[in-house]
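Start at 1 and go down the list; that is how both ligands and their atoms are numbered.
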Amino acid sequence: MCGIVGFLGKRQVKEHLLQGLRKLEYRGYESAGLVVMTANGDFSVAKAATGVESLRDLCLKVDALEMPGMIGIAHTRWPTHGGATENNCHPHSSCDGSIWLVHNGVVENFQELRKMLVDKGHKIISETDTELVAHLIEEEMKGVNLETAVRAALPKIVGSFALAIICRAEPDKIIIARRTSPLLIGHIGANEFIIASDSVAILPYTKEIYELHDDELGIITSAGCEYKTFNGDELFKKMIDVDTELGEVDKLGFPHMMLKEIFEQPDVIATVCRGRLLADAGKVKLGGLEKNQDVAARLREIDRVIVVACGTAYYAGLLGSYLFNRIGIQAEAHLASEFLYSQVVYDPRRTMVLAVSQSGETADTIRALEEAKMRGALAVGIVNRVGSRMTRMDDCGIYTRAGFEIGVASTKAFTSQLSVLAMMMLYFGRERGKMALGEGQLLIAELLKMPDKMKKVLAKVAEIEKIAQRFSQAKNFLYLGRGYSYPVALEGALKLKEVSYVHAEGYASGEMKHGPIAMLDENFPVVAIAPRDSIFDKTKSNIMEVAARRAPLVVVTTEDCDDFDQMTEFVIKVPTVEMGCLSPLLTVVALQLFAYYMAVARGLNPDKPRNLAKSVTVE
Ligand code: F6R
């Protein structure tokens with residue numbers, strides 16, 4: 001969500017800024033812009049606001065301009081205040097055009113600040129909250145240097161920000177500041193620096209990366225980078241540990257990142273499991289949970305698990321809650337954005353609040369985790385991005401090891417989260433004597449076979465593409481599932497909405513007859529997830545109810561099932577699993593492919609879904 005890049009060095013920066021923005025494209029954006037400053041303090045600015053084409057259009061504009069300068073800041077914008085217009089596009093400047101900045105975050109006291117600045121005579125030309133920050137600094141910059149002005153201005157902002165600021169009076173400087181929104185600094189060496197919202201833009205230059213924490217500033221000049229608190233106290237920073245597998249961010253011949261990441265899943269599951277499964281003992285080793293004696297003691301006391309997460313991660317967490325209940329630990333999943341308001345009653349001493357997140361930076365999940373920590377619950381994370389905010393907040397946690405997920409629509413993150421949750425079930429199940437040796441061994445055997453079984457689902461790509469083409473003009477879909485397949489139905493529907501913009505609802509199969517069945521007719525397709533498992537007969541009855549309404553049916557079932565062959569020509573068969581709770585790892589892959597090909601058949605780019613951001617860093 002919004003991407004910031006900045007460069008201060010010994011080379012012309014415009015190309016490097018654009019390259020950085022391209023790396024951050026996956027975060028989602030609707031406009032893009034940059035400003036470059038010469039050694040004399042002259043600025044050249046370029047902006048484009050053409051939705052998902054903005055970056056391409058910005059590159060065209062920049063190519064046509066000279067834009068000399070070895071200092072610059074750039075931004076991709078996902079709008080919060082004001083539409084996606086060039087006028088609202090970052091960078092923004094002060095009235096006299098001497099201060100320019102880019103911003104990620106939300107200024108919550110926007111109305112009051114705007115009024116105060118207008119009353120003082122500032123001319124505000126955009127609808128954004130960001131522009132106010134430039135005027136606020138201008139207001140403070142009377143007879144003082146940029147750093148002092150920034151330090152005086154920031155406490156007046158209520159909300160979140162990552163800021164990069166340059167100014168004519170000090171043409172060898174970028175000041176950066178952070179509260180909540182992420183910002184990293186790469187030391188390229190020999191007095192060159194790159195800043196960015198995500199390490200993915202920095203890693204092509206350097207692995208020497210430092211992170212700004214809340215209420216910290218970085219003052220970058222060609223002489224070096226100083227880190228300070230907002231109060232001016234100097235800080236010593238340690239390098240952070242980052243993922244360095246850069247190959248992961250290339251498409252490697254796939255037409256889209258989303259498809260590449262769907263196909264990566266067999267490898268991802270193997271990586272998630274590597275070194276963690278103790279096949280003979282039917283146990284699992286989760287180093288992240290064995291952090292210290294204190295954590296170990298707390299884990300033994302836990303008798304309730306509350307999962308907090310958003311979107312796809314929430315659906316993984318919902319399934320996870322079924323898995324914990326399966327081994328006798330009371331568990332439930334909450335949407336992180338609702339957790340604070342639903343006033344859930346729990347005994348913090350005996351409760352694990354489990355945050356599930358790909359990015360580890362999702363604002364709603366962070367808030368929920370903060371609240372749980374404040375109340376004294378054990379905060380545990382299932383997170384993909386190494387070193388992300390959640391991994392620094394939690395008491396202990398498990399990495400999902402899915403590698404960079406660039407596709408805006410989560411795919412491999414979901415299956416890696418499910419695998420970790422299955423391992424947590426095994427961990428607690430075996431620790432507490434709720435899973436027998438044989439069951440533990442079976443679960444491990446199934447996890448080890450999963451990559452090959454996933455490959456068999458992926459081999460059905462052409463068949464699934466054809467089904468998607470057949471349904472590409474449908475306007476609505478109902479996704480149905482029961483038991484472990486219910487979260488899969490929710491996830492399948494979310495994937496379809498995100499990338500193909502087709503309305504889809506995920507529903508519990510058994511709930512269909514309590515309302516949604518009224519919508520069904522021959523123009524309302526239904527996708528049913530019905531692996532042959534312990535509740536198959538009930539799911540099948542629900543599917544028969546759909547067929548009786550002549551709604552077109554797509555059924556995702558297992559290879560051992562021919563019950564639907566006469567009912568519909570659109571049956572996708574995935575390999576069977578002995579432990580039904582693992583079937584979502586396979587059924588969901590079929591639904592990911594279906595959503596992907598629906599988007600492609602509708603002429604859309606699934607890697608650039610409109611209005612979406614990869615990392616949702618505002619509440
Ligand atoms: C859907 C999707 C989102 C994320 C959600 C949480 O494809 O990507 O629904 O799952 O925004 O993000 P993380 O997992 O980063 O906390």
Start with the C-alpha distance between Y507 and L478, add both sets of side-chain angles, then the distance that settles side-chain contact (heavy atoms from CB on, under 4.5 Å), and finish with yes or no.
CA-CA 7 Å; Y507 240 86; L478 189 63; 4.1 Å; yes
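Of all the heavy atoms of E361, none lies under 4.0 Å from any atom of ligand 1, so neither backbone nor side chain is involved.
Here salt bridge (Lys or Arg N to Asp or Glu O under 4.0 Å) pairs that include residues 304-314, with residues two or more places apart or in two chains, are R304-E332.
Each of the atoms 10 (O), 14 (O) of ligand 1 lies under 4.0 Å from some heavy atom of A313. The Q358 neighbourhood of ligand 1 comprises atoms 13 (P), 14 (O), 15 (O), 16 (O), with distances under 4.0 Å to a heavy atom of that residue. Here is the list of ligand 1 atoms found below 4.0 Å of a heavy atom in G311: 9 (O). Those atoms of ligand 1 that come under 4.0 Å of a heavy atom in K495, given as number and element, are 1 (C), 7 (O). Heavy-atom contacts of S359 reach the following atoms of ligand 1: 13 (P), 15 (O), 16 (O) (cutoff under 4.0 Å).
Checked against the 6.0 Å centroid threshold, F477 and H503 do not count as a close aromatic pair.
Of all non-hydrogen atoms in A601 and S472, the two that sit nearest each other are CB-CB, 3.6 Å.
Atom 16 (O) of ligand 1 has its nearest heavy-atom neighbour, among V356, T362, L494, T400, in T362. Here atom 8 (O) of ligand 1 lies nearest to V408 when heavy atoms of T312, I382, V408 are compared.
Remark: distances from the non-hydrogen atoms of N384 to ligand 1 are all 4.0 Å or more.
Taking the six-membered ring where the residue is Trp, H256 and Y596 present perpendicular rings, their angle passing 60° and hence far from 30°.
For A595, the side chain to side chain contact (heavy atoms under 4.5 Å, CB included) partners are K495, L496, V499, not counting sequence neighbours.
Between the CG atom in L418 and the CG atom in L323 there is a gap of 8.0 Å [rounded to 0.5 Å].
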